[in-house]
Amino acid sequence: MIDKLNVPQREAVTLAPQHALVLAGAGSGKTRVLITRIAWLIQSGYASPQGLLAVTFTNKAAREMLARVSAIMPIDTRGMWIGTFHGLCNRLLRAHFRDAGLPQAFQILDTADQLAAIKRLLKANNVDDEKYPPRDVQRFINGAKEEGQRPGDVEAYDSFRRRMIEIYALYEAQCQREGVVDFPELLLRAFELLSRNEPVRTHYQRRFRHVLVDEFQDTNTLQYRWLTLLAGGGATLFAVGDDDQSIYAFRGANVGNMSDFERDYAKGTVIRLEQNYRSFGHILDAANALISHNTGRLGKNLWTEQGAGEQIRVMELATDLSEAQWLVDEVRALVADGRVRREIAVLYRSNAQSRVIEHALFSAGVAYKVYGGLRFFERQEVKHALAYLRLIANLNDDTSWMRVVNFPPRGIGARTLEQLGDQARAYDTSLSNAVARVAGKGGSNLAQFAMLIARLAQETLTLTLPEMVEHVIDQSGLAAHYTLDREGADRIENLNELVSAAAAFAAEANMTGMPAGKVVEQPQDPEAFASAQAGLEMTDGMSPLAAFLSHASLEAGDNQAQAGQDAVQLMTVHAAKGLEFDAVFITGMEEGLFPHENSVLEASGLEEERRLMYVAITRARERLYFSLAQSRMLHGQTRYAMRSRFLSEIPQEHLKWLTPRQGLSPADTEPRWKSSGYSADAFGRAATNRATPVSARSLTSGVQVGTQEFRVGQGVRHARFGDGTITSLSGSGLDAQAQIQFRDVGVKTLALGIAKLEVIQG
DNA sequence: TCCAGGCCCGTTTTT
DNA sequence: CGGGCCTGGA
């Protein structure tokens, strides 16, 4: 187990119990170290399985960890807490729901549920949703919670924020009344439970002697505080991560947690895993060189024993269409060479880029698979079925009530629901409770809906979980509704799939045969109940239904297309993190796209883009391609962009330009594609029926404004901003815009029809 | 209640 | 350009 490790890996695994930070580069055996560490702690007697808590960000990572720990060690993994932050917090809150101030059957709102709840709240309180768009409110609330702040903790320095804070407070009250918690609430509530309730805190602090964290660079402020609180009773924190792969700042991740952790906990105990077992030399050296342009890194340099391998191939094309066509040909050549399609990945910075690529692959009949998109538990019909189930579990869940009160349609109109909402608000109660005040007589559609829910609850009392799900799908009218819908076949199939998912869940949690509504008795001794669970799902103290509903909220399911067949893998760079492939294409290597234009205004944004590129490069084992297009369609406009600056941050010795005339200065805008064999004429026109012939738009990589012609790479002078270079152009005539990198004042986007620019070169 | 058409917007995303 | 969302009319 340990003798197969390299020196720093072994050092990390066999470190005597103390706080430690493992800086694990891409492909350096990070997961292996984490798993072996757990096994070693147990085998060497430093820990019992009950004394271990390991936390990850995704369910996939948690599952993998649990599976691999069980595989290398014949120990009982029951009693060990392995899971996501949200899963573990859910577990804590279920076990101590009273102390946490929650109803036993509290429901978890996913992002979409939360947004719906906020919209309902804004409407009910007559908030101007132009000034306070639901999405902004959601971001505000979640941002505050992720900083550990309740409404009273948020600084109100202007009237706008004061109002936001009021809305936040109203939202909290609504959630509390309905018995629902959103994702950040799971963390904050669990954190507050631990920090305020001394007996509970002491219990868990004494129990968990070793806390291990994966992907530490992705933790947010609240998660960091949660970890340090949990370990505050003398437990050791073992954090594994890579600051160079921190790419989730936009959703609250705080890379600074790594240096804080080193300073406050790990002190000198930082172990670097720098030997890479994945990629060949040129690829690694390119990644190292690129990331060295970032500041404030904790610092590490990947190396390999595998040899230099091939240089990175670089291809520059006229348009996004010719880029896609070239890609298809290259993929076919790779397959003809004997590579399997599933070992080829096409990466892009933003999802919008996938369309052209998909189109080209589809036309050429190359099997491909796109990652991302709707996931199983997020599908409309599945959410509808779950909403019925949630109402059975918790009648006060107004979000679920509103979702299905008139679905399938049963003649309950907007005004009825408005009245119902008014009554509910007037009596500070749930919609369900307010029915009697609106409906009065039992014959109304509304009253019938309330009776339907009551009936379903009654009828399913003795059923097992899958039977219950099936009964609800059937009796709610969902099945009939979708059967009548001419395009409902897929939805019916998904509803059947939901029954299967319930059966599988019950089997896994050992709940088969148990009535879905029955609460598993909670033993009095918390230690006893806490150690009685198996696997990832916390199920005791919960009915099978409640457990399944938690599962559905916390694990949205697979978001990849049908698995199994051998297909080229298409995904964003973000989605590729943690994966590896024999051959990788990084597409759209253009200024404004990668790095993305919204990121270059701030140094921190640019550095995150660079880390993103670092992640992309280090996905490749043997072969890596960069491709770029001189022009591409974006938002219905043609855009011209310079080569990504990241290409010039990589030493040219690692690059092999497939395009002729390599190493041109950025200012050189001579059309290079003409001799590449992938001219717009050859590949652009036929591929699509766009109004503008591709050849026409690609032959001038410039934009005409009045008598001036602007080109990408051109030097310009602005009266106020000084001298700069055009990095991208879009639009034409009066709405033409240019992104300009000024020497002294940074990047600006200017309207060419308005700004007075003088061309100074090119 | 349903559907068509207008309108707005457009990085990355897990739980 | 294309998708999602909302509104207004039948």
Side-chain angles (χ1 to χ4, degrees), chain A residues 55-62 83-90 108-116 119 129-130 133-135 139 142 145-146 181-188 190 215 218-220 222-223 246-253 320 347-356 359 371-375 377-378 380 406-414 445 485 550-559 571-578 588 592-600 605 608-609 611-613 615-616 632-639 688-692 730-731:
Chain A
V55 58
T56 63
F57 276 86
T58 66
N59 291 299
K60 193 175 154 205
T84 63
F85 277 101
H86 294 85
L88 297 176
C89 287
N90 179 46
I108 301 166
L109 301 183
D110 68 17
T111 310
D113 298 332
Q114 184 190 29
L115 191 63
K119 283 180 182 166
D129 60 3
E130 297 266 296
R135 277 179 197 287
R139 194 153 6 104
N142 290 352
K145 288 186 181 184
E146 277 158 10
V181 299
D182 55 42
F183 286 136
E185 183 72 24
L186 282 172
L187 292 168
L188 182 52
E215 304 279 17
D218 290 337
T219 51
N220 63 34
L222 180 57
Q223 286 160 339
S246 168
I247 56 173
Y248 285 113
F250 71 92
R251 65 178 200 213
D320 47 348
L347 308 185
Y348 34 82
R349 174 65 181 83
S350 67
N351 285 305
Q353 287 166 257
S354 79
R355 256 205 10 213
V356 180
H359 180 82
Y371 285 71
L374 257 202
R375 307 161 84 195
F377 286 109
E378 291 167 355
Q380 182 211 95
N406 196 37
F407 195 97
R410 41 177 77 89
I412 299 173
N445 291 333
D485 186 344
S550 286
H551 167 80
S553 301
L554 290 174
E555 169 139 36
D558 241 346
N559 68 349
M571 66 192 85
T572 64
V573 179
H574 282 91
K577 188 173 158 221
L593 198 57
F594 203 173
H596 195 275
E597 58 187 340
N598 297 354
S599 309
V600 296
E608 177 136 326
E609 294 289 303
R611 292 193 291 268
L612 196 53
M613 182 62 80
V615 167
R632 90 171 49 237
M633 276 302 239
L634 203 66
H635 307 333
Q637 291 184 319
T638 306
R639 276 174 61 115
T688 177
N689 54 3
R690 281 177 184 168
T692 313
S730 65

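Naming: A, B, ... by sequence-line order, numbering from 1 per chain.
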Item checked: Nucleotide B/dT15, atom C1' - distance to NZ of A/Lys577 in whole Å -> 14 Å
Check: For B/dT11, does OP1 or OP2 lie under 4.0 Å from any side-chain N or O of A/Asn351?
Finding: no
Item checked: Selected nucleotide, minimal atom distance to A/Pro409 side chain, candidates B/dT11, B/dT1, C/dC1 -> B/dT1
Item checked: Atom-pair distance (CZ on A/Arg632; P on C/dG2), nearest Å -> 16 Å
Notebook entry, point to check: Between B/dT12 atom C1' and A/Tyr371 atom OH, what is the distance in whole Å?
Noted result: 18 Å
Next item on the list: Whole angstrom is fine here: how far is it from CZ in A/Arg355 over to P in C/dG3?
Entry: 6 Å
Notebook entry, point to check: Minimum heavy-atom separation for A/Leu554 to A/Phe183, with atom names?
Noted result: CD2-CE2, 3.9 Å
Margin query: I need the CD-P distance between A/Glu146 and B/dT14, as an integer number of Å.
Written below: 14 Å
Check: For DNA chain B, whose closest nucleotide is more 5', that of A/Phe85 or that of A/Ser350?
Finding: A/Ser350
Notebook entry, point to check: To the side chain of A/Phe183, which of C/dC1, B/dT15, B/dT12 is closest?
Noted result: B/dT15
Notebook entry, point to check: Which of the following nucleotides, B/dT11, B/dT15, B/dT12, is nearest to the side chain of A/His574?
Noted result: B/dT12
Check: Got a donor-acceptor pair under 3.5 Å from the side chain of A/Thr111 to the base of B/dT14?
Finding: no
Margin query: As a test of reading the structure: which of C/dC1, B/dT12, B/dT15 is closest to the side chain of A/Arg349, going by heavy atoms?
Written below: B/dT12
Check: Which part of the nucleic acid, if any, lies within reach of A/Phe250 when heavy atoms closer than 4.0 Å are counted: base, sugar-phosphate only, or nothing?
Finding: base
Check: Which nucleotide sits closest to the side chain of A/Thr572: B/dT11, B/dT14, B/dT13?
Finding: B/dT13
Note to self: Can you measure A/Asp113 atom CG to B/dT14 atom P for me and round it to whole angstrom units?
What the structure shows: 16 Å
Check: So, A/Lys119 and A/Asp129, do they make that salt bridge, N to O below 4.0 Å?
Finding: no
Next item on the list: State whether A/Glu597 and A/Arg639 are salt-bridged, where the test is any N-O pair (Lys NZ or Arg NE/NH1/NH2 against Asp/Glu carboxylate O) under 4.0 Å.
Entry: yes
Check: Please give, in whole Å, the distance from C/dC5 P to A/Lys119 NZ?
Finding: 6 Å
Next item on the list: To the nearest 0.5 Å, tell me how far A/Leu347 CG sits from A/Met613 CE.
Entry: 10.0 Å
Next item on the list: Determine whether the side chains of A/Gln223 and A/Asp218 contain a donor N or O and an acceptor N or O closer than 3.5 Å.
Entry: no
Expected rows: protein N/O vs nucleotides 6-10 of chain B N/O, under 3.5 Å:
| unit_1 | atom_1 | unit_2 | atom_2 | d |
| --- | --- | --- | --- | --- |
| B/dG10 | N3 | A/His635 | ND1 | 3.2 |

Next item on the list: Between B/dT12 and C/dC5, how far apart are the P atoms? Round to whole Å, please.
Entry: 15 Å
Margin query: I need the CZ-C1' distance between A/Arg135 and B/dT13, as an integer number of Å.
Written below: 13 Å
Next item on the list: Return no unless some side-chain N or O of A/Asn59 is found under 4.0 Å from OP1 or OP2 of B/dT14.
Entry: no
Check: A/Ile412 or A/Leu612: which one's nearest nucleotide on DNA chain B is closer to the 5' end?
Finding: A/Ile412
Notebook entry, point to check: Expressed in whole Å, how much space separates the C1' atoms belonging to C/dG3 and B/dT14?
Noted result: 23 Å
Item checked: CG on A/Leu593 to CZ on A/Arg349, rounded to 0.5 Å -> 8.0 Å
Next item on the list: Report which part of the nucleic acid A/Asp218 touches: base, sugar-phosphate, or nothing (heavy-atom distance under 4.0 Å, all strands).
Entry: nothing
Margin query: Nearest 0.5 angstrom please: A/Lys145 NZ to A/Leu186 CG, how far?
Written below: 9.0 Å
Checklist line | Listed partners of A/His574 passing ring-ring contact (aromatic ring centres under 6.0 Å, His included), at least two apart | finding: A/Tyr248, A/Phe250
Check: Using centres under 5.5 Å plus planes under 30 degrees as the test, is A/His596 stacked with B/dT11?
Finding: yes
Next item on the list: Inspect the contact between A/Glu215 and A/Lys577 and indicate whether a charged nitrogen and a carboxylate oxygen are less than 4.0 angstrom apart.
Entry: yes
Note to self: So, does A/Arg375 get its side chain near the phosphate of B/dT15, meaning an N or O under 4.0 Å from OP1 or OP2?
What the structure shows: yes
